[in-house]
Amino acid sequence: MKKVITYGTFDLLHYGHVRLLKRARELGDYLIVGLSTDEFNEFQKHKESYNNYAERKFILEAIRYVDEVIPEEDWDQKVTDITKYHIDTFVMGSDWQGKFDFLKSVCDVVYLPRTPGISTTKIKKDLK
Ligand code: C2G
């Protein structure tokens, strides 16, 4: 079984997120999402999500492309996760291009083109 992992906040889930998850899942047979906790968002990513961790996890688990959701609590947990979950491929959107190349020593690293014209920030702004 080919296992894929990706990480993110996935707040106010939108089609850009779902397109990422779909394409990530298509790279293997099982997709794990490392979901940023509320604390990680607040203190490490310095961004606040509209949906809290439990709500974001509930929504992600309803997505057909997602097989498992684990907490992302630290920038440095990726190598441990990749080993612990026997991950073959690490995936991120292209806005992270190159930022995780150090993981190439432990798995394949794939950056997928980010979906233009949609973001959680844009949704919040457009709804004001
Ligand atoms: N994404 C995308 N297209 C968009 C918006 C987001 O492909 N229009 C992708 C991002 O590139 C990312 C994933 O969807 O791969 C989740 O996006 P965010 O929730 O914004 O994740 P981010 O805050 O970038 O956190 O350790 C990694 C971080 O947790 C990533």
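In listed order, ligands and their atoms are each counted from 1. Nothing fancy with the numbering, it's 1 onward along the sequence.
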inquiry  = Using a 4.0 Å heavy-atom cut-off, which part of D95 comes near ligand 1: side chain, backbone, both, or neither?
reply    = side chain
inquiry  = Counting only nitrogen or oxygen atoms and a 3.5 angstrom limit, does T115 reach ligand 1?
reply    = yes
remark   = The atoms of ligand 1 lying under 4.0 Å from a heavy atom of K78, numbered in the order shown, are 26 (O), 27 (C)
Nearest non-hydrogen protein atom, atom 7 (O) of ligand 1 = R114 CA, 3.6 Å
inquiry  = Could you check whether atom CZ of F102 has more than 12 heavy atoms from other residues, nucleotides or ligands sitting under 6.0 Å from it?
reply    = yes
message = If you measure every N or O of W96 against every N or O of ligand 1, does any of those distances drop under 3.5 Å?
response = yes
query = Does any N/O atom on R23 come nearer than 3.5 Å to any N/O atom on ligand 1?
reply = no
request  = Tell me yes or no: between the side chains of D101 and Y111, is some donor less than 3.5 Å from an acceptor?
outcome  = yes
ask   = Based purely on interatomic distance, does M92 place a nitrogen or oxygen under 3.5 Å from a nitrogen or oxygen of ligand 1?
value = no
task = Could you establish whether S119 and ligand 1 come within less than 4.0 Å of each other, counting only heavy atoms on the residue side?
result = no
query = Does atom CD of E48 have more than 12 heavy-atom neighbours from other groups under 6.0 Å away?
reply = no
Minimum heavy-atom distance T6-M92, with the two atoms named = OG1-SD, 3.6 Å
query = Mind checking whether T6 has an N or O less than 3.5 Å away from an N or O of ligand 1?
reply = no
task = If you have a sec, work out which protein heavy atom is nearest atom 18 (P) of ligand 1 and how many Å separate them, to one decimal?
result = T9 N, 3.9 Å
inquiry  = So, regarding F100 and ligand 1 (criterion: nitrogen or oxygen to nitrogen or oxygen, under 3.5 Å), is there a contact or not?
reply    = no
request  = Answer yes or no: does an N/O atom from E72 fall short of 3.5 Å to an N/O atom of ligand 1?
outcome  = yes
Close N or O approach (K47, ligand 1; < 3.5 Å) = yes
query = So among D38, N51, D11, which one has a side-chain hydrogen bond (donor to acceptor under 3.5 Å, both in side chains) with R56?
reply = D38
inquiry  = So is R19 touching ligand 1 or not, going by heavy atoms under 4.0 Å?
reply    = no
inquiry  = Any donor-acceptor pair under 3.5 Å linking the side-chain atoms of N41 with those of Y53?
reply    = no
query = Which ligand 1 atoms does I118 reach within 4.0 Å, using its non-hydrogen atoms?
reply = 4 (C), 8 (N)
query = Can you tell if the side chain of I70 reaches within under 4.5 Å of the side chain of E68, non-hydrogen atoms only?
reply = yes
Within-cut-off N or O pair, K45 and ligand 1, under 3.5 Å = yes
request  = Kindly identify the option in F10, W75, Y15 whose heavy atom sits closest to atom 19 (O) of ligand 1.
outcome  = F10
query = Between T37 and E73, is any side-chain donor less than 3.5 angstrom from a side-chain acceptor?
reply = no
message = In terms of relative ring orientation, are F40 and W75 parallel, tilted or perpendicular, with 30° and 60° separating the classes?
response = perpendicular
query = Is the closest N or O pair between P113 and ligand 1 shorter than 3.5 Å?
reply = no
request  = Would you indicate which of S36, G8, G117 comes nearest to atom 21 (O) of ligand 1 when only heavy atoms are counted?
outcome  = G8
query = Quick check: are there more than 12 heavy atoms from other residues, nucleotides or ligands sitting under 6.0 Å from NZ of K124?
reply = yes
message = Quick test: of every protein heavy atom, which one is nearest to atom 9 (C) of ligand 1, and how far off is it to 0.1 Å?
response = L20 CG, 3.9 Å
query = Can you find a side-chain donor-acceptor pair between R19 and T115 that sits under 3.5 Å?
reply = yes
task = Mark up the atoms of ligand 1 that fall under 4.0 Å of a heavy atom belonging to G93, in ascending order.
result = 11 (O), 15 (O)
ask   = Is NZ or CZ of K78 both nearer than 6.0 Å to the six-membered ring centre of F90 and within 45° of the ring axis?
value = no
key: Residue pair Y65 / L21: nearest heavy atoms and the distance that separates them   = CB-O, 3.8 Å
